[in-house]
Each structure stands twice: as C-alpha cells, then as structure tokens.
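Data first, discussion second: the structure below is written as structure tokens.
What you see below is based on every heavy atom in this structure, not just the backbone, and it leaves out hydrogens, waters and symmetry mates. Chain A is the first sequence line, chain B the second, and so forth, proteins listed ahead of strands; every chain is numbered from 1.
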2 protein chains.
Amino acid sequence: MKILVVEDDLALSDVIAFTLRRNGFETITSHDGQAALRTWEAEQPDMVLLDLNLPKLDGMSVCRQIRAQATTPIIMLSVRNSDEAIVQGLEIGADDYIVKPFSPSQLVARIRAVLRRTGAGATPESVGSDRLALDRSRSEVNAPGFPPVRLAPLELRLLETLIVNAGAVVPADRLIAAIWGVDGGDRTMLKQLVYRLRSRLDTELPGVATIETVPGIGYALLTDSDA
Amino acid sequence: MKILVVEDDLALSDVIAFTLRRNGFETITSHDGQAALRTWEAEQPDMVLLDLNLPKLDGMSVCRQIRAQATTPIIMLSVRNSDEAIVQGLEIGADDYIVKPFSPSQLVARIRAVLRRTGAGATPESVGSDRLALDRSRSEVNAPGFPPVRLAPLELRLLETLIVNAGAVVPADRLIAAIWGVDGGDRTMLKQLVYRLRSRLDTELPGVATIETVPGIGYALLTDSDA
DNA sequence: AGCGATTGTTACCAACTTGTTACCACTGCG
DNA sequence: CGCAGTGGTAACAAGTTGGTAACAATCGCT
C-alpha cells in the first residue's frame with residue numbers, strides 16, 4: 001500500500017512518512033508540485049497526501065491534474081481552514097481535507113476510511129515488509145515462498161513489537177509492557193514466549209528472520225536484510 | 001439520492017434536511033438511534049448522516065450495526081472534536097466525521113465527496129456475486145446450478161454479513177452485533193449458528209462457499225474464487 | 001391441538017494457549 | 001572456586017476456544 005506524501009516542510013514530511021510506515025504503509029515523498037506530478041506518474045501510488053502550499057505548482061492544481069487523469073484517492077492537508085478552501089478542495093476532487101495541525105492517529109484513521117472505500121486492497125492490517133509481514137486481521141505472518149503461519153495472540157504481539165522495531169534492540173521491559181500490559185508479565189514469561197516464537201519461526205519460516213538476544217537488555221528481530 | 005438524517009435536535013434536523021433538499025437530495029429523518037435503524041432497514045437510503053448523541057441507542061452503536069450489515073455511506077456529525085472520538089468513529093466504519101458547528105456548504109461538499117468515492121446507489125435486494133447471491137426479500141440464497149435455499153432469519157443475517165465482507169475476516173463481535181444487536185448475543189450463540197449455517201451450505205450448496213475460522217478473531221466467507 | 005421450524009441452552013470433546021516449574025549451561029563477580 | 005543471575009529448553013497443568021450434538025422452549029401454520 002504505497003502513499004505519496006507531498007509536503008514542502010521537510011520535517012513534517014519526515015514525521016508523516018514515519019507515522020505511515022509505522023502503520024504498515026509504504027511511503028514516497030515529494031516536496032514541490034511539479035515533482036509530485038512526476039512521482040505520481042512514475043510510481044502510481046495508492047494514495048496521495050497533498051499539501052496545498054507548494055513551490056512550483058500549488059496543491060490545488062496538482063489535485064486538478066491528477067483527478068483529470070485518474071481516480072487515485074487524494075487527501076488534502078492545509079493550514080487553510082476556511083469553508084471556501086475546504087469546499088473548493090473537495091469539489092476539485094479531494095476525497096478528504098484535513099486542517100493542520102492534526103494528530104497522527106486522526107491522519108491514519110482518515111487514510112484508512114478513504115482506502116476502505118477505494119478498495120486498493122483491504123485496510124492495511126499488515127505490518128512489516130515484503131520479506132516478513134504480519135496480518136493482524138488473520139493473526140498470520142506472511143513471507144514469500146511460505147504458506148501463511150498462524151500465530152497465537154501473545155506470539156503475534158511479540159512479533160509485531162519486534163517487527164515494528166526491526167533491526168533495533170527492544171528492551172525486555174518494553175516487550176513485557178507491550179504484550180501483557182503495565183503490570184501483567186515478567187521476565188520468565190517473556191523468556192518462554194521468545195523461545196516459543198523462535199521455535200515457530202525456525203520451523204515454519206526457516207531462514208526468513210531470527211530473534212537476536214542482547215543479554216541483560218532485550219531482543220531484536222533480524223531479517224535477512226539485517227543479518 | 002435519498003439521505004437519512006439522524007438527529008435528535010429537531011431544529012438542526014430541519015435545517016439539514018432543508019439544505020439537502022435545496023441541493024437536490026431527498027431526505028428522511030429519524031430522531032433516535034432505534035428509529036434510525038428501523039428507518040434505515042425500511043428505506044434503504046443512499047447515505048446516513050448520523051448524530052452521535054442520540055436517545056435510546058447512541059450513534060456509535062447505530063454505525064456499528066449498519067456497517068456490520070451493509071456498505072451504506074455514513075457521515076458522523078458531532079460536537080465531540082477529540083481525536084479519540086474522531087478516530088473511533090472512522091474506525092467503526094464512518095466515511096467522514098464532521099465536527100459541529102459546520103457550514104451547509106462544507107456539509108454538502110463532504111457529502112458529495114463521499115458519494116463520489118462510494119459510487120452510491122441503493123442497497124440492492126440482492127447481495128453477493130454471480131457465484132453466491134442473497135435475496136433478502138425471499139430469504140433465499142442462490143448459486144448457479146442449485147435450487148434456491150431458504151434460510152432462517154438468523155442464518156440469513158449471518159450469511160449476509162459474511163457475503164458483504166466476502167474474503168475478509170469478520171471479527172466475532174461484529175457478527176454478534178449484526179445478528180443480535182448490541183447486547184443480544186454471545187460467542188456460544190454465534191458458534192452454534194455458524195455450525196448450523198455451515199451444515200446448511202455443505203448439504204445444500206456443496207462446493208460453492210465455505211466459512212473459514214480464524215481462531216480468537218472471527219470467521220470469513222470463502223467462495224471458490226477465494227479458495 | 002399437533003407439527004415443523006427456529007433458536008437458546010447445555011453438554012461433551014479435541015486442540016490450542018499460556019503460566020508455572022524444572023533443569024542446565026554460561027558468564028561475571030566476590 | 002563458588003555463587004548468583006541470565007538465558008535456553010522442556011514438560012506439566014489449567015484454562016480457553018471451536019466443533020458437534022442434543023434437548024427444550026417458542027412461534028407460526030394447518
């Protein structure tokens with residue numbers, strides 16, 4: 001699920017891209033209106049997040065041009081909160097209009113609401129990469145070349161936390177909190193769960209990913225690209 | 001293009017209905033959550049404008065029930081402007097969420113954007129595909145090469161919810177809400193109903209569709225094109 | 001009234017999940 | 001060297017989930 005983020009504020013662009021990746025989307029970024037159109041044409045994203053104040057070609061014009069050629073879902077992002085701006089954007093062809101500042105959770109929820117309708121695949125319950133991806137709605141993990149592997153609820157939580165932080169060491173306390181809540185687990189339980197998930201991965205998805213131990217600290221997920 | 005306006009504030013309900021009629025829409029109104037569900041069922045509107053603070057059954061529950069059974073576009077209207085409320089509404093299945101107060105022009109623009117995106121038409125009496133289709137008016141399910149199969153009311157609700165979401169896993173809670181309403185059923189009842197519907201399908205429409213179990217989550221309908 | 005269909009409730013069983021306990025090897029420290 | 005702590009591995013027991021079946025109550029129709 002590929003989303004083109006068009007935003008001239010580089011810091012905001014990075015934050016949005018990071019948020020989207022953490023929620024299972026793949027992102028491409030552009031920082032001016034003309035580059036946006038070229039990128040949209042070349043990459044054929046599943047959605048465009050479109051700032052309105054852009055160098056070289058403003059967001060309304062970009063929307064107009066995309067909409068004239070395709071049905072790609074478009075969400076506008078702007079500090080302009082007047083009715084005139086909102087109505088104009090929606091009439092030109094935007095699917096939604098979000099006034100800045102906005103929260104990451106609302107952005108993601110609105111993206112999902114629009115994608116739910118435009119059917120470019122189901123809501124991305126999927127987290128991960130091409131090599132290893134989790135499907136929450138099915139409690140499954142998928143890797144190319146292997147049949148889907150169904151995980152138990154706790155196994156799924158552990159793997160998801162590791163996948164979201166793939167390549168980095170996740171401290172044990174954080175894993176415990178993510179899996180059992182604030183006061184619900186301990187290191188013995190985590191150790192056993194890690195052993196179980198490792199066994200599952202080794203047996204059913206050999207060579208795809210490994211869980212590395214960092215003594216006294218925690219665990220990290222390594223996929224082949226990290227090993 | 002018929003729009004159901006669910007709003008307990010009678011003055012606002014009238015203003016909205018007037019605005020919509022002036023913009024070419026036909027309107028029906030309801031003033032509490034239970035009446036809304038009955039009206040939605042009886043009138044099959046093209047869209048629902050849904051206030052959240054309603055007597056008898058709150059707007060979130062109404063949305064949940066409609067969404068569990070159908071793809072009718074839903075726009076939520078509410079004074080609640082917190083991220084939590086907006087995200088919750090969108091996740092439950094709303095297509096847009098408009099914070100009160102809003103202007104008529106923005107309301108109409110957002111309605112049009114949602115209708116554009118959903119390509120809305122009336123919910124048909126028949127739901128499904130060439131391979132498997134439900135006829136609500138006759139409580140029948142039809143598949144090529146087999147005589148029509150008459151289903152019991154609860155079986156019909158279950159199969160309809162599964163057909164509308166064919167290929168995807170429908171969480172048990174959603175199925176329960178769709179069949180028995182918000183507080184009316186439990187997992188044991190669902191389990192038994194699933195068993196009964198499965199037996200019917202296997203006996204009377206062999207090979208046409210199967211109901212897949214995703215442990216701990218719910219069920220999905222697979223037709224031959226999904227298997 | 002009788003019968004068939006529907007639905008809720010209860011019962012039984014197999015498979016799975018999870019917490020707890022046990023044992024062992026390794027490492028670091030006193 | 002001995003001990004404590006950590007991490008890996010394995011087994012056991014309790015609880016949960018889902019499939020299957022039967023019974024009883026209710027409703028609608030003849």
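Just one residue in the list B:Val170, B:Leu221, B:Leu193 forms a side chain to side chain contact (heavy atoms under 4.5 Å, CB included) with B:Leu158, and that residue is B:Leu193. Of the listed residues (B:Arg150, B:Arg200, B:Arg196), just one forms a salt bridge (charged side-chain N to carboxylate O under 4.0 Å, His left out) with B:Glu155, and that residue is B:Arg200.
For the segment residues 188-198 of chain B, the set of residues with a heavy atom within less than 4.0 Å of an atom of DNA chain C comprises B:Thr188, B:Met189, B:Gln192, B:Arg196, in numerical order.
The distance from the OG1 atom of A:Thr210 to the CG atom of A:Leu201 is 9.0 Å, given to the nearest 0.5 Å. Residue A:Arg157 holds its CZ atom at 14.0 Å from CG of A:Leu162, rounded to the nearest 0.5 Å.
Side-chain atoms of A:Asp46 and A:Phe25, non-hydrogen and from C-beta on, never get closer than 4.5 Å to each other. At least one side-chain heavy atom of B:Leu10 sits less than 4.5 Å from a side-chain heavy atom of B:His31.
Residue B:Trp180 has a polar side-chain atom (N or O) positioned under 4.0 Å from OP1 or OP2 of C:dG8.
The side chain of A:Pro153 has C:dT18 as its nearest neighbour among C:dG8, C:dT18, C:dT6.
Counting to the nearest Å, the P atom of C:dT17 and the CG atom of A:Leu158 are 14 Å from each other. When rounded to the nearest whole Å, the span between CG of B:Leu156 and P of C:dT6 equals 11 Å.
Between the side chains of B:Ser30 and B:Thr39, at least one donor N or O sits under 3.5 Å from an acceptor N or O. A side-chain donor from one of A:Arg110 and A:Gln106 sits under 3.5 Å from a side-chain acceptor of the other.
Chain B approaches DNA chain D within less than 4.0 angstrom (heavy atoms of the protein), and the contacting nucleotides run 5' to 3' from D:dT17 to D:dA22.
Judged by closest nucleotide on DNA chain C, B:Ala152 is the one of B:Ala152 and A:Glu155 placed further toward the 5' end.
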